[in-house]
Amino acid sequence: MLLTAATTQDDLENMIRQRVQGIPLELIVGWAEFAGLRIGIEPGVFVPRQRTRLLLRHALRLAPAQPVIVELCCGSAAVSLALASILEGVELYVTDIDPAAVRCARQNLIDVTPPASVFEGDLYDPLPSSLAGRVDVLLANAPYVPTDSIALMAPEARLYEPLVALDGGTDGLDVHRRIAAGATHWLAPHGHLLVETSRNQAAGSLTAFERYGLTAQVVSSDELDATIVIGRLATAHQQQNVACRDH
C-alpha cells in the first residue's frame, strides 16, 4: 500500500518512517478499504474495522426497497457509503458528534445519489423531526470500550483515534443505552435498530434494547470476530413481559 501511495522515493521513505513510529497505515495513505470501497480517512477519525461488515451485511438484509436509513456515530461513514453503493433510492442521514468525523463523512458521501444528509451533533439531536416514525434501518457502530480498558488498546487506536469514538463509559454500554432509549421514536413500524457490540457485552446491549421497548437478538460471526444486536419495535404483549421481568 505504501509503494502504491508514494509518488517519489522521498515520499515513500517518509511514509515508512511514519509507520515505524506507529501511525496507522490508513492515516498515512489517507484511506481504508471497507466492503470493496476506498473510504477516505483523515487524522483524528476512527478507522473502519473489517468486523463491521457484519453490521453492513444485516443492514442490507433488512433494508426494504428505497429505505430510509440513519447512521449514528458515523465516523467516516464507511457503512453508509457501502449501503448507498448497493441499495437504490436510499434516503440517507448520518450524524456524529465529532467535527472531524463529520467533515470526513461529508467528503466520502459527496457523490451519493440521492444526496445524503450529514449532521454534526449528539446522536439523534440534529435529525429533522420529520424523520420520526419513518426510519427503516437505524444503525450505529457506537463506542463500546469500557473506560478502564482504553489503556489496554493497541497504540494505533489508543493514540491516534478520538477518545469519543472509543470510550463507552464504565461498562462500555453508555451510548448503547442512549441509542436504545431513543430508537422507538424514530423507527418505522417494521424498522430495525442494529448496533455493533462485543461478545462479552452482548447480553448488556440486549438488555438495553429490551428495556426500551425493542425485541432483540444477538448475531455473531466467527469469521469476522464480530457481534451485533438487532432490535425492532416490540408488541404491546412483549413490552408487558419485559416490564414484568424488570419489576
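In what follows, residues are counted from 1 in the order of the sequence shown. This structure is a prediction, so every number in the text was calculated from the model and none was measured.
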### Message
So which atom in Pro126 and which in Phe119 form the shortest heavy-atom distance, rounded to 0.1 Å?
### Response
CB-CB, 3.6 Å
### Query
Is the closest side-chain heavy-atom distance between Arg232 and Leu62 below 4.5 Å?
no
### Task
Among residues two or more places apart or on two chains, list those pairs meeting side-chain hydrogen bond (donor to acceptor under 3.5 Å, both in side chains) that have a residue in residues 93-114.
Glu91-Tyr93
### Message
Going by the rule salt bridge (charged side-chain N to carboxylate O under 4.0 Å, His left out), which residues pair with Arg49 if we only count those two or more places apart in sequence or in a different chain?
### Response
Glu161
### Task
Test side chain to side chain donor-acceptor pair (under 3.5 Å) on Thr227 and Ser198 and set out the steps.
CA-CA 5 Å; Thr227 301; Ser198 70; over 6 Å; no
### Message
Please enumerate all residues that pass salt bridge (charged side-chain N to carboxylate O under 4.0 Å, His left out) together with Asp171, with sequence neighbours excluded.
### Response
Arg177
### Message
Going by salt bridge (charged side-chain N to carboxylate O under 4.0 Å, His left out), name the residues that satisfy it together with Glu156, two or more places apart in sequence or in a different chain.
### Response
Arg19
### Query
Quick one: side-chain hydrogen bond (donor to acceptor under 3.5 Å, both in side chains) pairs with a partner in residues 80-90, sequence neighbours left out?
Glu71-Ser80
### Query
Are Val135 and Leu123 connected in a single hydrophobic cluster, I mean Ile/Leu/Val/Met/Phe/Trp/Tyr linked by side-chain heavy atoms less than 4.5 Å apart?
yes
### Query
Between CG of Leu206 and CD1 of Ile230, what distance do you get to the nearest 0.5 Å?
11.5 Å
### Taking every non-hydrogen atom, the tightest pair across Cys104 and Gly40
SG-O, 3.0 Å
### Query
Taking side chain as C-beta onward, heavy atoms only, is Leu109 less than 4.5 Å from Leu92?
yes
#### Entry: Trace of the side chain to side chain contact (heavy atoms under 4.5 Å, CB included) decision for Asn141 with Val79
CA-CA 9 Å; Asn141 182 13; Val79 178; 5.9 Å; no
#### Entry: Minimum-distance pair of heavy atoms, taken over all atoms of Ser205 and Thr197
OG-OG1, 3.1 Å
### Considering all heavy atoms, the nearest Val29-Ala5 contact
CG1-CB, 3.8 Å
### Query
Should Ile110 and Val90 be counted in the same cluster of Ile, Leu, Val, Met, Phe, Trp and Tyr side chains packed under 4.5 Å apart?
no
### Query
Checking side chain to side chain contact (heavy atoms under 4.5 Å, CB included) against Asp10, which of Thr7, Asn14, Thr8 comes through?
Thr8
### Task
Quick one: closest heavy-atom pair of His192 and Leu187, and the distance?
O-CD2, 3.5 Å
## Note on the structure
Closest non-hydrogen contact found for Val229 with Ala202 is CG2-O, 4.2 Å
### Query
Measuring from Leu214:CG to Ile179:CD1, what's the distance to the nearest 0.5 Å?
11.5 Å
### Task
Sequence neighbours left out, what passes side chain to side chain donor-acceptor pair (under 3.5 Å) with Asn200? Give chain and number order.
none
### Query
When rounded to the nearest 0.5 angstrom, what distance separates CD1 in Ile228 from CG in Leu139?
9.5 Å
### Query
Taking atom CD1 of Ile97 and atom CG of Leu72, what is their separation to the nearest 0.5 Å?
11.5 Å
### Set of residues satisfying side chain to side chain contact (heavy atoms under 4.5 Å, CB included) with respect to Gln9, sequence neighbours excluded
Leu12, Glu13
### Query
Below 4.5 Å, heavy atoms only, C-beta onward: do Tyr160 and Leu27 meet side chain to side chain?
yes
### Residue list, side chain to side chain contact (heavy atoms under 4.5 Å, CB included) with Asp136, at least two apart or on another chain
Pro64, Pro67, Val68, Ala188
### Query
Taking a hydrophobic cluster as the set of Ile, Leu, Val, Met, Phe, Trp and Tyr residues connected by side-chain heavy atoms closer than 4.5 Å, whether directly or through intermediates, do Ile86 and Val137 fall within one such cluster?
yes
### Task
Please examine the side chains of Met1 and Glu26, heavy atoms only from C-beta on, and report whether any two atoms are closer than 4.5 Å.
no
### Message
Test of understanding: clusters of I, L, V, M, F, W, Y form through side-chain heavy atoms closer than 4.5 Å, transitively. Do Leu166 and Leu55 belong to the same one?
### Response
no
With a 3.5 Å cut-off and sequence neighbours excluded, list the donor-acceptor pairs that the side chains of residues 144-153 form with protein atoms.
from	atom 1	to	atom 2	distance (Å)
Tyr144	OH	Arg51	NE	3.3
Tyr144	OH	Glu196	OE2	2.9
Thr147	OG1	Asp167	OD1	2.7
Thr147	OG1	Asp167	OD2	3.4
Thr147	OG1	Gly169	O	3.3

### Query
At what distance, to the nearest 0.5 angstrom, does OH of Tyr212 lie from CG of Leu193?
13.0 Å
### Task
For Ala105, enumerate each residue passing the side chain to side chain contact (heavy atoms under 4.5 Å, CB included) test, keeping only those at least two apart in sequence or located in another chain.
Cys74, Ala77, Val118
### Message
Just so I know, are the side chains of Leu173 and Thr207 near enough to count as touching, which here means a heavy-atom distance under 4.5 Å?
### Response
no
### Message
If I take atom OG from residue Ser220 and atom CG from residue Leu54, how far apart are they, to the nearest 0.5 angstrom?
### Response
7.5 Å
### Message
Taking side-chain hydrogen bond (donor to acceptor under 3.5 Å, both in side chains) as the cut-off, I'd like each qualifying pair that reaches into residues 118-131, sequence neighbours left out, listed once.
### Response
Asp122-Arg178
### Task
Could you list the residues that satisfy side chain to side chain contact (heavy atoms under 4.5 Å, CB included) with Pro143, not counting sequence neighbours?
Cys73, Val175
### Task
Take Leu127 and Trp186, measure what side chain to side chain contact (heavy atoms under 4.5 Å, CB included) needs, and give me the verdict at the end.
CA-CA 10 Å; Leu127 292 175; Trp186 299 96; 3.8 Å; yes
### Task
Is it possible for you to say whether Leu56 and Ile39 belong to one hydrophobic cluster, with membership spreading through side-chain heavy-atom contacts below 4.5 Å?
yes
